[in-house]
Amino acid sequence: MSLLHPSPLSWRQADLDVFVATAGSDYAGFVGAATLGYEAQGPRGENLGVHASVDAAQAAVDGHRVRVTDSVPRRPRPLRVRRGGTHGRVCGPT
């Protein structure tokens, strides 16, 4: 799977009003019926809002997944590595 071109979502109906998304074999989110429409959640439980239709909620899950995978945070590499202790110093009892 490429980060720039993630595999398409596969939707399966888990119950009458619950749809589960997978990307390859990984869980990608779900859509379920709510009082005011259809609730969408991302793969880590992120609340993606309540939408008027199943298609709109599924699009929110897919759009969230693309945004997350396109912006991969990277930690800066340290300029130098510190070593423990001081050269020539002996630790312990003398």
Side-chain angles (χ1 to χ4, degrees):
M1 180 168 104
S2 168
L3 291 178
L4 297 177
H5 303 288
S7 62
L9 290 182
S10 173
W11 287 94
R12 295 195 178 155
Q13 190 169 2
D15 203 354
L16 287 175
D17 52 0
V18 176
F19 300 88
V20 178
T22 56
S25 61
D26 297 329
Y27 172 72
F30 87 95
V31 169
T35 336
L36 300 173
Y38 292 91
E39 175 187 10
Q41 287 198 0
R44 295 185 181 117
E46 305 93 343
N47 182 5
L48 304 178
V50 177
H51 304 272
S53 68
V54 173
D55 293 333
Q58 288 176 345
V61 172
D62 193 31
H64 174 74
R65 182 177 68 102
V66 171
R67 262 196 323 273
V68 169
T69 56
D70 280 352
S71 60
V72 177
R74 300 204 182 266
R75 293 176 53 182
R77 184 175 175 192
L79 296 176
R80 61 186 172 132
V81 178
R82 286 187 147 182
R83 296 175 188 237
T86 306
H87 292 291
R89 185 173 181 187
V90 178
C91 296
T94 55

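Source: prediction; values computed, not measured.
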Could you tell me which non-hydrogen atom of [X] sits nearest to which non-hydrogen atom of [Y], and how far apart they are?
X	Y	result
Ser53	Ala56	OG-N, 3.1 Å
Leu9	Ala23	CD2-CB, 4.0 Å
His51	Ala60	NE2-CB, 3.4 Å

Query - Hydrophobic cluster identity match, Val50 and Val31, side-chain contacts under 4.5 Å - result: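 No: no chain of side-chain contacts under 4.5 Å links Val50 to Val31.
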Query raised in the report: Crowded around Tyr38 OH? As in, over 12 foreign heavy atoms under 6.0 Å?
Result: no
Report task. Output all residues satisfying side-chain hydrogen bond (donor to acceptor under 3.5 Å, both in side chains) with Gln58, sequence neighbours left out; order by chain, then residue number. Result ->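 If we apply the side-chain hydrogen bond (donor to acceptor under 3.5 Å, both in side chains) test to Gln58, skipping adjacent residues, there are no hits.
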Query - Given His64, Gln41, Glu39, the one that forms side chain to side chain contact (heavy atoms under 4.5 Å, CB included) with Leu48 - result: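 Among the candidates, only His64 passes.
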Report summary line: Members sharing Leu16's hydrophobic cluster, built from side-chain contacts under 4.5 Å between Ile, Leu, Val, Met, Phe, Trp and Tyr, are none
Query - ILVMFWY clustering at 4.5 Å (side-chain atoms), partners of Val20 - result: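 In the cluster with Val20 are Val18, Tyr27, Phe30.
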